[in-house]
Amino acid sequence: MATTETAARSDHGADGKILRIGIIGLGQASGLVLNWERQDIRTLPIRFTAAADLRREALDQFAREYDAEVYTDVEEMCRSPNVDAVYIASPHELHMEHTIIAARNGKHVLCEKPLSLSAGEVDAMIKACDDNGVSLIAAHSHAMDAPIRAMREVIASGRLGPLRHINAINYNFFNAQPWPTRELQMWHGDLYNQGPHQMDIIRYLGGGMVKSVRAHMWWDHLRDVEGGYSAYIEFEGGAAANALFDWRGYFDSTCYTWGASEGGWAQDPGSCGFVRNNMVKLLAEKSPDEAEAELWKLKNDLRYGGVSDLNAFQHWGYAPVSEGFEPFPEPVQPFFGLIIAACDRGIIRQSVKGLYVHGDDGVEEIEVTGHSGRAAEFMQVYDAVFNDTPSFHDGRWGKGTVELCQAIEQSAKEGRAVELKYQVPVGDEPA
């Protein structure tokens, strides 16, 4: 079995340099970083030295846990000399404002996806960072997962010939989770929340330059918002992709991925029905106002500093619910649904340990090591700050992802293919 190392260089932090990060927004995304992804991130040469939020209990817990500065004002935190970069995990509609504040105070920016809900706002974010000489890196993206980066390395190497087609399939229960209705409406279901993950993966594997998209969307009658999309995506170089994403909770694609979820944790495929049934029961038994109050309460439980992060997750089906399901003891490689890349002379797909490469000589498994998700992204900020190594996953890349998500929505509404104009290349292919 071959092995590939897709993490950043092994000498990270060897010179003693530490990236000091301030967090804007101690919500659910920050909770994942500080709780669920904590073990991997603690191996990095970074420190969380400050946080800004409006919830006093979350700030108090953060101050105790990290011996860090806490603020209720974002501008005040961004003036701190103990912060080199900020991780923006505030609500989507505040990303532009918080990026501009950070940039004018000389802080590098790692901003959760989507960078914004409009390409025009992303332009203002890019300009603010360019004008102040700081980096803007688009996060969170499963394109940065170690297996996806390894897959791109195989494609870019040319060993299997040109890329011809990408198939990306994901079924999950996003809409059935305890999201307040207003948030689901703002995100158009999961289009602008997790849709950027799938679009980033497709764009990254395909080299970045999407030419057009023709899409169809359908409705989730339980939550009265968008329930999924299918999209045919064409690249300028001639490759194509089929993307399917259904987030209503009727079915879970972890049955295709050995029970491995998007974080690499074991996830029972049967949990999707359990979660959806929870939502059906909640909406049937309570008035609309009572249901919304309960959803907001559950959302708060899942934030950093919530009353019971683990119990709230288990209540909504993150624990095994199917008879006979045996979760693996430790996380494996992360899977954002099923991703298959077809080249002229072979096909690449993920395995639990890394990749399977199906070629003329049979099947080769490549074991992949390295950081995934936010850990990989924090290291990209580290490289930008200390090693003068810019990330391709910058603001302009993030703008291309927003454009593609908008094009899916537009194509579905207008019943036609939509041409794209703000796409950027990955830039990793040999000259």
Side-chain angles (χ1 to χ4, degrees), residues 4 6 113-115 119 122 126 137-139 141-170 195-215 231-245 336-350 354-355 357-359 366 368 370 372 376-377 380 389-408 411 417-431:
T4 183
T6 62
K113 49 75 185 165
L115 284 181
V122 178
I126 293 170
I137 294 178
S141 172
H142 284 298
M144 293 295 96
D145 288 347
I148 301 301
R149 287 182 284 141
M151 194 178 292
R152 175 61 195 172
E153 288 172 11
V154 175
I155 294 169
S157 73
R159 59 176 280 198
L160 297 178
L163 176 70
R164 296 304 183 193
H165 188 264
I166 301 165
N167 209 5
I169 300 172
N170 200 346
H197 285 310
Q198 193 180 61
M199 293 303 106
D200 260 8
I201 291 171
I202 289 171
R203 293 177 62 223
Y204 182 46
L205 295 180
M209 298 302 294
V210 173
K211 178 183 177 183
S212 66
V213 60
R214 177 70 170 88
Y232 179 71
I233 297 167
E234 291 187 315
F235 289 90
E236 288 188 358
N242 284 105
L244 186 149
F245 199 172
F336 195 76
L338 183 66
I339 308 292
I340 301 173
C343 300
D344 249 9
R345 297 190 299 276
I347 288 176
I348 316 162
R349 64 186 177 101
Q350 279 188 250
L355 303 178
V357 178
H358 301 253
I366 300 175
V368 174
S372 289
E377 292 154 8
Q380 291 202 11
T389 306
S391 169
F392 82 89
H393 214 269
D394 58 9
R396 289 167 179 82
W397 178 272
K399 179 182 177 180
T401 297
V402 172
E403 180 192 27
L404 184 49
C405 289
Q406 289 180 316
I408 288 173
S411 175
V418 174
E419 303 286 323
L420 282 84
K421 56 185 179 180
Y422 299 126
Q423 302 298 293
V424 293
V426 176
D428 60 350
E429 296 183 3

A.B. asks: Find the distance between NZ (Lys399) and OH (Tyr422) and round it off to the nearest 0.5 Å.
C.D. replies: 5.0 Å
A.B. asks: If you round to the nearest 0.5 Å, how far is NE2 of His142 from NZ of Lys113?
C.D. replies: 7.5 Å
A.B. asks: Taking all heavy atoms of Glu377 and all of Ala139, pick out the closest pair and write down the distance.
C.D. replies: OE1-CB, 3.2 Å
A.B. asks: State, to 0.1 Å, how close Val122 and Gly395 come at their nearest heavy-atom pair, and which atoms those are.
C.D. replies: CG1-O, 3.7 Å
A.B. asks: Taking the side chain as C-beta and beyond, is there a heavy-atom pair between Asn242 and Tyr232 under 4.5 Å?
C.D. replies: yes
A.B. asks: Looking at CG of Asn167 and CZ of Arg349, how far apart are the two atoms once the value is rounded to the nearest 0.5 Å?
C.D. replies: 13.0 Å
A.B. asks: Would you say Arg159 and Val357 make side-chain contact, with heavy atoms under 4.5 Å?
C.D. replies: yes
A.B. asks: Check Ala143 against Ile148 and note the closest heavy-atom contact, atom names and distance.
C.D. replies: O-CG2, 3.7 Å
A.B. asks: Is the side chain of Asp394 donor-acceptor paired with the backbone N or O of Arg396 at a distance under 3.5 Å, no angle test?
C.D. replies: yes
A.B. asks: What distance do Met144 atom CE and His197 atom NE2 have between them, rounded to the nearest 0.5 Å?
C.D. replies: 12.0 Å
A.B. asks: If you count every heavy atom of other residues, nucleotides or ligands that lies below 6.0 Å from Phe392 atom CZ, does the total exceed 12?
C.D. replies: yes
A.B. asks: Can you give me the closest heavy-atom contact between Ile166 and Ile202, atom names plus distance?
C.D. replies: CD1-O, 3.6 Å
A.B. asks: Taking all atoms of both residues into account, what is the closest heavy-atom pair of Ala150 and Val368, and its distance?
C.D. replies: CB-CG2, 3.7 Å
A.B. asks: Output the distance between atom CD1 (Ile155) and atom CZ (Arg164), rounded to the nearest 0.5 Å.
C.D. replies: 12.5 Å
A.B. asks: Between Ser212 and Glu234 (side chain of the first, backbone of the second, donor and acceptor by atom type, cut-off under 3.5 Å), is there such a pair?
C.D. replies: no
A.B. asks: Go through it in stages, so that I can follow the logic: the residues are Lys421 and Glu403, the test is side chain to side chain contact (heavy atoms under 4.5 Å, CB included), and I'd like the CA-CA distance, side-chain angles, deciding distance and then a yes or no.
C.D. replies: CA-CA 8 Å; Lys421 56 185 179 180; Glu403 180 192 27; 3.6 Å; yes
A.B. asks: Is His165 close to Ile340 at the side-chain level, that is, under 4.5 Å between some pair of heavy atoms?
C.D. replies: no
A.B. asks: Do you know which of Met151, His358, Arg152 makes side chain to side chain contact (heavy atoms under 4.5 Å, CB included) with Ile348?
C.D. replies: Met151
A.B. asks: Do Val418 and Gln406 come within less than 4.5 Å of each other through their side chains, counting heavy atoms only?
C.D. replies: no
A.B. asks: I'd like to check Arg203 versus Thr401 (side-chain heavy atoms, cut-off strictly below 4.5 Å). Are they in contact?
C.D. replies: yes
A.B. asks: Return the minimal non-hydrogen interatomic distance between Val154 and Leu160, and the atom names on each side.
C.D. replies: CG1-CD1, 4.0 Å
A.B. asks: If you define the side chain from C-beta out and look only at heavy atoms, does anything of Ile233 sit under 4.5 Å from Met199?
C.D. replies: yes
A.B. asks: Nearest 0.5 Å, what's the NE2-CG distance between His393 and Asp200?
C.D. replies: 3.5 Å
